[in-house]
2 protein chains.
Amino acid sequence: MSKENGEGKFAQKWVSYRPEIKVLDVTIRDGGLMNNHHFSDEVVRGVYDACVQGGIDYMEFGYKGSKKIFSSPEHGPWKFCDEADVRRIVGDNDTSLKLSVMADAERTDYKEDILPADQSVFDMIRVATYIHQIPVALDMVKDAHDKGYETTVNVMAASTVGERELDGALELLASSEVDCIYLVDSFGSFYSEHVHFLMQKYLKFAGARGKTVGIHAHNNQQLAYANTIEAAIKGANLLDSSMAGLGRGAGNCQTELLLGFLHNPRYRLRPVLNCIQEHIEPMRQELRWGFDLPYMITGLLNQHPRAAMDFKSEEGGGDLVKFFDSLVSSE
Amino acid sequence: MSKENGEGKFAQKWVSYRPEIKVLDVTIRDGGLMNNHHFSDEVVRGVYDACVQGGIDYMEFGYKGSKKIFSSPEHGPWKFCDEADVRRIVGDNDTSLKLSVMADAERTDYKEDILPADQSVFDMIRVATYIHQIPVALDMVKDAHDKGYETTVNVMAASTVGERELDGALELLASSEVDCIYLVDSFGSFYSEHVHFLMQKYLKFAGARGKTVGIHAHNNQQLAYANTIEAAIKGANLLDSSMAGLGRGAGNCQTELLLGFLHNPRYRLRPVLNCIQEHIEPMRQELRWGFDLPYMITGLLNQHPRAAMDFKSEEGGGDLVKFFDSLVSSE
């Protein structure tokens, strides 16, 4: 792939790769939204091993959920990502794979629950925030940065944020300690033209302060992979993906597709395929993630996928046309 | 959507549409490759009704297969598309929907089997050709054009054609009677950068002679819809799609996704969703089309999907990693 299409250099760019691009596998973290983070150790270890063998750059295990807000065992271990739980899988993680964990603004006791980096198995803290939580997110970033972590901020539901608010948020984030700012298509409603436009905007703010930009796409309109490619071509250097697309609702950009595109020799497709076959696909009947028409409809309408998730959980499946009518008429 | 991204006019273009873009539904034609063209009249009528109600521009019924080469009832009626069979569904097709039929180079008795247009229910003949059959295709185009039809030429497997051969073919086609030249990604191996590059090339040859360009994409790498969007943005005006993506192997660009993108008020999503629910999805267990990892692997390797189709037809499903190994080692 290439940064930009120049007809003359097309072939040369296409057979090469951009070494600064990194892949962050969110299989267990985003997939945990489909089973309340109740993955077995065997599955988590399978994904971890595949990430290591596949040359993936980062793997995300789950959330640092507040134990004051969320209770166990209603929520599985990957809602909290206690150091002991992660180390049961990875030991001291003596590999080239870096580990990340997500911290939701206002739902994480970050000062207490996130250890100094030199005592933690994690390398990166990713702060997830809605636009109205930016001040909290900034404090979380500073806390994580000061503790020695790499940091990202993921501004969720960017497709619903007004342009001036977004510019203001990006200006604040660009002035913060954060290393990477993420474009997040929570509702899977972006087309390539949105991605191009917003990636230019994010890069303008981030690049001016020496920060990188990431992309997290959802597959509601079957564009998660395509939009991730487009973001990479425009300059995104941190790409979220998941094995077999496992993730909330329509799921994510598929790691196995992305590796094929990137052409970086450090990546290996075979262990990822093996993990999908051994560990991920056997969960499909129960978890039921992935592209489907109810998600397409919420994506098209730029709505949260929860209505589609409810529809899909109905016994025997509901009436798709009625579902379409109900969403259109409730707009 | 827009022709090109200009940041200033982004929003205006995005909420508008390009009226010259037409959609050609290939559900029954490409889907027929999964059941030897044995669709029931009820299914064909369901798709026809949905195309009419959905404002689709063209619907393709199947092939004009040679009865000297192909026999009935091994092949169903939509392999031959006899006028009487089509009229049983559409009467005289007194609607705004135009009807097309595909004629394969060297597998069609076109001089005998294609009636003059004024005696036919069809409006358009689409000639499908491999690069080595261009002279036959040109004669077929002339025959159809002289009989009064709209015509297209679909140069199949463009991803395997050398650049000089392709340029030569495009020069010949641009000088012919054909109305539209199709970029066809038979193996589903293109990325957006290929589509951009090739669409520019096709438009250069076709545009110089006042012809239009079409796109026919396959979903092996889950990019059929994304690549169709990219082709449209670059200037393709005839877009192939199918309901629920029904088509050979990984299937096609999904009509229901495409209508959402195009924003042309003539299109209606609801009848298409209804048809998918009533007629298309009930066939999925038997026909088993659509994106799946074996197709991803053949797409990635720019190979015909037949190996993946064989793999998927194995009882109980085969070993994906062994399949990957076998294709990589046979390269």
Side-chain angles (χ1 to χ4, degrees), chain A residues 1-2 4-7 10-11 13-14 163 189 191-198 200-201 219 221-227 229-230 233 244-245 253-254 256-257 259-261 269-278 281 290-291 293 296-297 299-301 317 319-325 328, chain B residues 1-2 4-7 10-11 13-14 163 189 191-194 196-198 200-201 219-227 229-230 233 244-245 253-254 256-257 259-261 269-278 281 290-291 293 296-297 299-301 317 319-325 328:
Chain A
M1 47 80 63
S2 71
E4 288 292 340
N5 292 311
E7 184 164 340
F10 170 76
K13 286 174 180 166
W14 147 243
E163 185 116 6
S189 70
Y191 297 115
S192 63
E193 296 178 310
H194 297 99
V195 173
H196 294 166
F197 175 77
L198 289 168
Q200 278 174 4
K201 180 193 289 294
N219 210 29
Q221 297 196 80
Q222 209 169 108
L223 291 173
Y225 172 48
N227 285 342
I229 289 179
E230 294 308 313
I233 290 171
C253 169
Q254 284 154 274
E256 61 276 20
L257 286 166
L259 298 191
F261 174 73
L269 183 56
R270 193 180 189 278
V272 173
L273 293 177
N274 185 62
C275 177
I276 290 169
Q277 178 165 267
E278 296 295 316
E281 285 300 333
F291 175 79
L293 295 182
M296 179 194 82
I297 294 168
L300 198 57
L301 299 174
D319 184 306
L320 183 70
V321 177
K322 281 188 189 160
F323 176 72
F324 175 72
D325 289 343
V328 170
Chain B
M1 47 82 65
S2 69
E4 286 293 340
N5 292 311
E7 183 163 341
F10 171 76
K13 285 173 178 167
W14 148 241
E163 186 116 8
S189 70
Y191 298 114
S192 63
E193 296 178 308
H194 297 100
H196 293 167
F197 175 77
L198 289 168
Q200 279 173 4
K201 180 193 289 291
N219 209 29
N220 301 58
Q221 297 196 80
Q222 208 169 110
L223 292 173
Y225 171 49
N227 284 342
I229 289 179
E230 295 308 312
I233 290 171
C253 170
Q254 283 153 273
E256 62 276 18
L257 286 166
L259 298 191
F261 174 72
L269 182 55
R270 192 180 191 279
V272 173
L273 293 177
N274 185 61
C275 177
I276 290 169
Q277 178 164 268
E278 297 295 317
E281 284 300 333
F291 174 79
L293 294 183
M296 179 194 82
I297 294 168
L300 197 58
L301 299 174
D319 184 305
L320 184 70
V321 177
K322 281 188 187 159
F323 176 72
F324 175 72
D325 289 343
V328 170

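The sequence lines fix the lettering, A, B, ..., with proteins before strands; numbering per chain opens at 1.
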Exercise for the section: Kindly indicate, with the supporting measurements, whether the criterion side-chain contact (heavy atoms from CB on, under 4.5 Å) is fulfilled by B:Asp325 and A:Arg270. Expected result: CA-CA 8 Å; B:Asp325 289 343; A:Arg270 193 180 189 278; 2.7 Å; yes

Handout entry: A:Glu256 and B:Leu300: CA distance, side-chain angles, deciding distance, side-chain contact (heavy atoms from CB on, under 4.5 Å) verdict
Key = CA-CA 10 Å; A:Glu256 61 276 20; B:Leu300 197 58; over 6 Å; no

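Contacts of A:Glu230 with chain B are made by side-chain atoms alone, with heavy-atom separations under 4.5 Å and no backbone atom involved.
Inspection of the B:Gln222 and A:Gln254 side chains reveals an N or O donor paired with an N or O acceptor under 3.5 Å.
Going from atom CD of A:Gln221 over to atom CZ of B:Phe261 covers 10.0 Å, rounded to the nearest 0.5 Å. The distance from atom CG of A:Asp319 to atom CG of B:Asn274, rounded to the nearest 0.5 Å, is 8.0 Å. Taking CD1 from B:Ile229 and OH from A:Tyr191, the interatomic distance works out to 6.5 Å, rounded to the nearest 0.5 Å.
Contact tally against chain B (heavy-atom pairs below 4.5 Å) for A:Asn219, A:Leu257, A:Ile276: the top residue is A:Leu257. Counting heavy-atom pairs closer than 4.5 Å to chain A, the top-ranked of the candidates B:Leu273, B:Ile297, B:Leu293 is B:Leu273.
The two residues B:Ile233 and A:Ser192 have their closest heavy-atom pair at CD1-OG, 3.8 Å. Nearest heavy atom pair, residue B:Ala226 against residue A:Leu223, reads CB-CD2, 3.5 Å.
By the 4.5 Å heavy-atom criterion applied to side chains, B:Leu269 and A:Met296 are counted as neighbours.
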